[in-house]
Amino acid sequence: MSDIAERVGRILDDPENWPSDPREAVALQRRKAALVREERLDAASVRTIAGLDVSYAKDDTALAAAAVVVDVATLEVVESVAIDSEVSFPYISGLFSFRELPPVLKALGRLRTTPDVYLCDGFGLAHPRRFGVASHLGVLLDLPVVGSAKSVLYGRHSVPGDERGSWTPMVAGRSEIVPDSAALAADGAEVIGRVLRTRTGVKPVYVSVGHRVDLEGAADLVLRLSPRYRVPEPVRHADRLCGEHRKETLAARRAHGE
DNA sequence: GCGACAG
DNA sequence: ATCTTGTCGC
């Protein structure tokens, strides 16, 4: 068993980590947000990165999670795992990680590879309490995690230029489009993330620091991982894999008469 | 109180 | 997120 698998087991087994009440979950977020650290990440030095995602059935009957490790230089898949699990927390915007992390951690525990960085489909600091899923995972493991989301939850930002690579800062505040978020940042507003155009003429993604990375390095990495699709490849692979796995699990259950 | 609301 | 057919465009 890998070192990570052992740590993951302890994290999953500790009931302190998994409140069943949303109010307690919010209190946990406020407590643990203080543990998030920002560290410089040299995107060029990252060899492998694990993309993480979860797939649900609409009626909560089945759930699957996947972790796909990709070589940053070649974008080749190094290793991939998919697992099935049960729903243990409702979907509540802002408390997303209490629903997604148990299955994600279970998948990470099955990985033989030890990736340099993890990439979540969601936010880190760009969260009302600065504790989105990427920060939550990062603090639990004390490892580098980047958040890359497909829509906004929280934060004010302006629209970046149309070209791939264009970006604007996201600053603290209720979700809103503003004329010039860079000016707000220059005036001292708290920068919580970055709106990044990964494909020319296509809706941008929203990058934020999870834990032990910096925004510059996180955005650099996400752009490198998105040479042909809007969503960075590790997350895209994980998304496809857990979707397939959930359907296969459901088909297998039906074959056994359930 | 009202509206917004990652996946 | 999921369910779901066709359709518009490079």
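A, B, ... follow the sequence lines: proteins, then strands. Residue 1 opens every chain. For clarity, every value in this text was computed on a predicted model and none was experimentally measured.
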Spacing of [X] atom [atom1] relative to [N] atom [atom2], expressed in whole Å:
{"X": "A:R199", "N": "C:dC10", "atom1": "CZ", "atom2": "P", "result": "14 Å"}
{"X": "A:D59", "N": "C:dT2", "atom1": "CG", "atom2": "P", "result": "12 Å"}
{"X": "A:K58", "N": "C:dT4", "atom1": "NZ", "atom2": "C1'", "result": "10 Å"}
{"X": "A:R236", "N": "C:dA1", "atom1": "CZ", "atom2": "P", "result": "13 Å"}
{"X": "A:Y56", "N": "C:dT2", "atom1": "OH", "atom2": "P", "result": "9 Å"}

Among the clusters formed by ILVMFWY side chains lying less than 4.5 Å apart, do A:V205 and A:V70 turn up in the same one?
yes
Is it the case that A:H211 and A:D142 place a side-chain donor and acceptor less than 3.5 Å from each other?
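A donor-acceptor contact under 3.5 Å links the two side chains.
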About how many Å separate CG of A:D121 and CZ of A:R236, when rounded to the nearest 0.5 Å?
12.5 Å
Determine: side-chain N/O of A:K247 to OP1/OP2 of C:dT2, distance under 4.0 Å, yes or no.
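No, A:K247 has no side-chain N/O under 4.0 Å of OP1/OP2 on C:dT2.
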For DNA chain B, which nucleotides open and close the run of contacts to chain A, 5' to 3', at under 4.0 angstrom from a non-hydrogen atom?
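First and last nucleotides in contact are B:dC5 to B:dG7.
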To check you understand the geometry: which heavy-atom pair defines the closest contact between A:P103 and A:A65, and what is its length?
O-CB, 3.4 Å
Minimum heavy-atom distance A:G217-A:A43, with the two atoms named
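Heavy atoms only, the tightest pair is O-CB, 3.9 Å.
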Listing, residues 80-93 of chain A side-chain donor-acceptor contacts under 3.5 Å, not counting sequence neighbours, or none:
| residue | atom | partner | partner atom | Å |
| --- | --- | --- | --- | --- |
| A:D84 | OD2 | A:T249 | OG1 | 3.4 |

Donor-acceptor pair, side chain of A:Q29 and main chain of A:G94, under 3.5 angstrom
yes
Kindly express the pairing pattern of DNA chain C in dot-bracket notation, using | wherever a base pairs with another strand and counting only Watson-Crick or G-U pairs under 3.5 Å.
..........
